[in-house]
Amino acid sequence: MAEILTKSRARNIFYGGSIFFVVVFVGMTVHSHRYVVQTSTAGMPLSEEVRHGKHVWEEHSCINCHSLHGEGAYFAPELGNVTTRWGVQDSPDDAFWMLKGWIESQPSGLEGRRQMPRYELTDEDIRALSEFLRWADQTDTQGWPPNDAG
Amino acid sequence: MKYQSQKVAYWYILAALALFGIQVAGGLLAGWVYVSPNFLSELLPFNVIRMIHTNALIVWLLLGFFAAAYFLVPEEAEREIWSPKLAYLQLVILLVGTLGAVGSYLVGIHGGREFLEQPLWVKFGILVAALIFLLNVSMTVLSGKRTAITNVLLMGLWLLSLLWVFAFINPDNLSLDKMYWWFVVHLWVEATWELVMAAILAFLLLKLTGVDREVVEKWLYVIVATALFSGILGTGHHFYWIGLPGYWQWVGSIFSTFEVIPFFLMMSFAFVMVWKGRKTHPNKAALLWSLGSSTVAFFGAGVWGFLHTLHGVNFYSHGTQITAAHGHLAFYGAYVALNLAVFSYAMPMLRQREPYNQVLNMASFWLMTGGMAFMTFVLTFAGTIQTHMQRVVGDYYMDVQDSLSVFYLMRFGAGAAVVIGALLFIYSMLVVRRKEVITPGPANPVPGE
């Protein structure tokens with residue numbers, strides 16, 4: 001390797017190859033962006049309510065206990081498919097009442113059980129959050145998770 | 001210390017060590033909440049503890065990189081830092097931002113994207129600090145001697161700062177949010193940070209082993225080429241299940257398999273250089289951390305990464321304790337241990353004295369590395385059981401977690417060892433004892449002995 005691969009050749013391969021892979025990556029990203037908007041998340045409109053729900057989700061940092069599409073902390077259940085697990089994916093009203101009941105019964109206070117804090121949310125916030133979770137659930141995630149347990 | 005302005009690195013290292021202490025304390029606390037879930041649950045919920053744990057880690061690693069840059073750039077460029085005042089200003093901005101972020105997390109003010117929870121003003125502060133830093137080191141390098149080490153280091157630091165822009169881009173569409181989020185997270189730790197790591201490792205090996213610069217720099221270019229060739233498209237292994245096209249399953253599987261190569265090369269590089277080197281450097285602790293870093297990075301990032309990167313495996317293991325096992329060992333090996341290598345090498349020079357407290361320092365290496373390895377093993381077992389029960393059998397999440405409690409108890413023990421090791425390391429850096437704990441042997445043993 002010593003004679004053929006000089007330092008300057010190694011450097012040129014590094015710069016040239018990196019630029020090539022960046023260009024390929026950017027191209028695939030552009031395609032993926034369009035695919036997300038037009039296909040994989042197109043099953044339900046990205047309404048004002050869903051957007052607000054995402055802000056509620058972020059404001060309370062749900063991701064640092066739960067996971068969403070498998071990403072996040074692993075301290076609390078996966079929520080990317082929670083509306084399917086609860087059987088409320090097709091009913092906005094049921095999703096709202098189910099989520100409201102859940103949030104307002106926290107913390108359970110049970111000894112030895114992981115505790116979810118009590119978040120004081122308005123009905124509007126809870127409605128937005130349940131719509132956001134329904135929206136996340138309708139995303140085409142290539143069949144993940146393997147089952148309803150999440 | 002050849003150049004007066006290298007002293008800047010001293011203050012960066014002190015700040016980094018303080019945050020390192022906060023990070024491991026947060027980790028230990030989070031580990032205890034897994035064992036005893038009611039602990040502090042009303043006062044300091046798990047999500048806030050975890051936020052402090054991960055954010056403190058990222059910031060102290062960056063402070064360590066800045067310290068390394070301010071320490072090695074003058075030596076490589078053979079001139080003083082362009083503006084030490086700007087370097088101190090940058091540190092002040094970073095510390096104000098860090099304290100501001102921790103304070104606001106404690107009162108419940110934070111963003112909602114994992115690892116990027118900093119309030120907007122802190123994000124801007126980080127951007128300003130990064131720009132000051134880039135200006136300062138770039139001016140130093142441009143007016144001095146340019147080497148492959150500073151080329152790669154600067155390229156890594158410029159690119160990682162550029163990618164920080166994606167911390168400000170948060171689309172309302174969750175799948176797009178996730179895709180661009182990985183531009184910061186993945187392209188930092190599995191691409192640009194690897195450039196920084198390889199450059200720093202090359203500098204340390206150059207100094208510690210005395211191997212010819214030409215050889216070291218050729219290795220460096222080969223390593224960083226394999227890092228970017230595999231790491232850029234390797235981003236695809238995060239794109240399997242978040243709403244992106246199916247072709248990422250193949251692109252991600254193939255290219256992220258190649259991500260093992262740069263880590264294997266870095267490990268080989270470290271051992272070959274030490275083997276070939278003629279110099280017996282007195283700072284054994286820095287050498288141990290350098291070799292340890294490249295080795296643990298190979299296992300943590302390389303082997304444990306490959307373990308769950310193929311999409312057929314990841315379909316079942318995604319988002320289980322397997323990910324946690326990999327994350328801990330990879331970060332520890334690649335970035336924590338490397339930073340501690342730099343600190344071990346630079347601190348004696350910054351304090352203008354011979355290497356000190358080496359036995360305590362090396363003991364802290366084995367305590368932390370042993371603790372981290374044990375933590376990784378128990379989390380891997382926990383993750384394997386979780387994957388089977390939850391993803392194959394279909395048991396509910398909390399039922400599965402309840403049956404993993406013995407692993408979490410062992411993980412807490414492993415974490416305690418890491419914390420003790422970290423405190424020992426901080427002590428060995430800050431407090432200069434008059435004598436080593438064990439009297440050292442002769443630096444160059446008589447042949448045949």
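Predicted model, so just to flag it, every value in this text is computed and none were measured.
- Residue contact with chain B, scored on non-hydrogen atoms closer than 4.5 Å, involves the backbone and the side chain of Tyr74(A) alike.
- A cation-pi geometry, defined here as NZ or CZ lying under 6.0 Å from the six-membered ring centre and within 45° of its normal, does not hold between Arg391(B) and Tyr316(B).
- If you measure heavy-atom distances from His66(A) to chain B, you find no contacts under 4.5 Å at all.
- In this structure, His318(B) has its ring center no closer than 6.0 Å to that of His69(A).
- Looking only at heavy-atom pairs under 4.5 Å with chain B, the residue among Phe132(A), Tyr15(A), Phe21(A) that has the most is Phe21(A).
- The contact between Ile13(A) and chain B is made by backbone and side chain atoms together, counting heavy-atom distances below 4.5 Å.
- Interface remark: Tyr105(B) contributes no atoms to any contact with chain A (heavy atom separation under 4.5 Å).
- The part of Gln249(B) that comes within reach of chain A is its side chain, from C-beta onward, which places non-hydrogen atoms under 4.5 angstrom from that chain.
- Among Glu78(A), Arg51(A), His60(A), the residue making the largest number of heavy-atom pairs under 4.5 Å with chain B is Arg51(A).
- Both the backbone and the side chain of Gln390(B) come within contact range of chain A, judged by heavy atoms closer than 4.5 Å.
- Checked against the 6.0 Å centroid criterion, the rings of Tyr34(B) and Phe39(B) do not qualify as a close aromatic pair.
- Proximity to chain A (any heavy atom under 4.5 Å) is restricted, for Tyr180(B), to the side chain, taken from C-beta onward.
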If you apply the rule salt bridge (charged side-chain N to carboxylate O under 4.0 Å, His left out), what do you find for Glu120(A) with Arg118(A), and how did you get there?
CA-CA 6 Å; Glu120(A) 302 293 340; Arg118(A) 174 68 203 273; 3.6 Å; yes
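- If you measure heavy-atom distances from Leu187(B) to chain A, the contacts under 4.5 Å come from the side chain alone.
- At a 4.5 Å heavy-atom cutoff, the contact between Thr139(A) and chain B is made by side-chain atoms alone.
- Using a 4.5 Å cut-off between heavy atoms, Glu117(B) contacts chain A through its side chain alone, with no backbone atom that close.
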Carefully, step by step, assess Glu190(B) and Trp182(B) under the rule side chain to side chain donor-acceptor pair (under 3.5 Å).
CA-CA 10 Å; Glu190(B) 293 176 60; Trp182(B) 283 114; over 6 Å; no
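- In this structure, Thr141(A) contributes its side chain and Trp144(A) its backbone to a donor-acceptor pair below 3.5 Å.
- For Pro77(A), the parts sitting under 4.5 Å from any heavy atom of chain B are the backbone and the side chain alike.
- Of the atoms belonging to Thr29(A), heavy atoms from both backbone and side chain fall under 4.5 Å from chain B.
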In sequence, state the C-alpha distance, the side-chain angles, and the governing distance for Glu58(A) and Arg113(B), and then conclude on salt bridge (charged side-chain N to carboxylate O under 4.0 Å, His left out).
CA-CA 7 Å; Glu58(A) 288 172 354; Arg113(B) 291 168 103 198; 5.4 Å; no
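- The part of Arg85(A) that comes within reach of chain B is its side chain, from C-beta onward, which places non-hydrogen atoms under 4.5 angstrom from that chain.
- For chain A, the option among Gly243(B), Gly246(B), Ala148(B), Ser41(B) with the highest count of heavy-atom pairs below 4.5 Å is Gly243(B).
- For Gln142(A), the parts lying under 4.5 angstrom from a heavy atom of chain B are both the backbone and the side chain.
- Neither the backbone nor the side chain of Phe20(A) comes within less than 4.5 Å of any heavy atom in chain B.
- For the pair Arg114(A) and Phe75(A), the distance from NZ or CZ to the six-membered ring centre is under 6.0 Å and the angle to the ring normal is within 45 degrees.
- Salt-bridge annotation for Arg113(A) and Glu111(A): absent, with no side-chain N of the basic residue lying under 4.0 Å from a carboxylate O of the acidic one.
- Interface remark: Met28(A) contributes backbone and side-chain atoms alike to the contact with chain B (heavy atom separation under 4.5 Å).
- Arg134(A) has a carboxylate O that lies under 4.0 Å from a charged side-chain N of Glu131(A), or vice versa, which qualifies the two as a salt bridge.
- Looking at Thr41(A), only its side chain comes within 4.5 Å of chain B, counting heavy atoms on both sides.
- Here the closest non-hydrogen pair linking Leu68(A) and Leu174(B) is CD2-CD2, 3.5 Å.
- Only the side chain of Val251(B) comes within less than 4.5 Å of a heavy atom in chain A; its backbone stays farther off.
- Across Thr323(B), Thr380(B), Thr387(B), a single residue satisfies side-chain contact (heavy atoms from CB on, under 4.5 Å) together with His308(B), and that is Thr323(B).
- Put simply, of Gly72(A), Ala136(A), Pro145(A), the one with the most heavy-atom pairs under 4.5 Å next to chain B is Gly72(A).
- For chain B, no part of Val50(A) is nearby; none of its heavy atoms comes within less than 4.5 Å.
- A salt bridge links Asp123(A) with Lys100(A); the closest basic N to acidic carboxylate O contact falls under 4.0 Å.
- His31(A) and Tyr247(B) have tilted rings, their planes meeting at an angle from 30° to 60° on a 0 to 90° scale.
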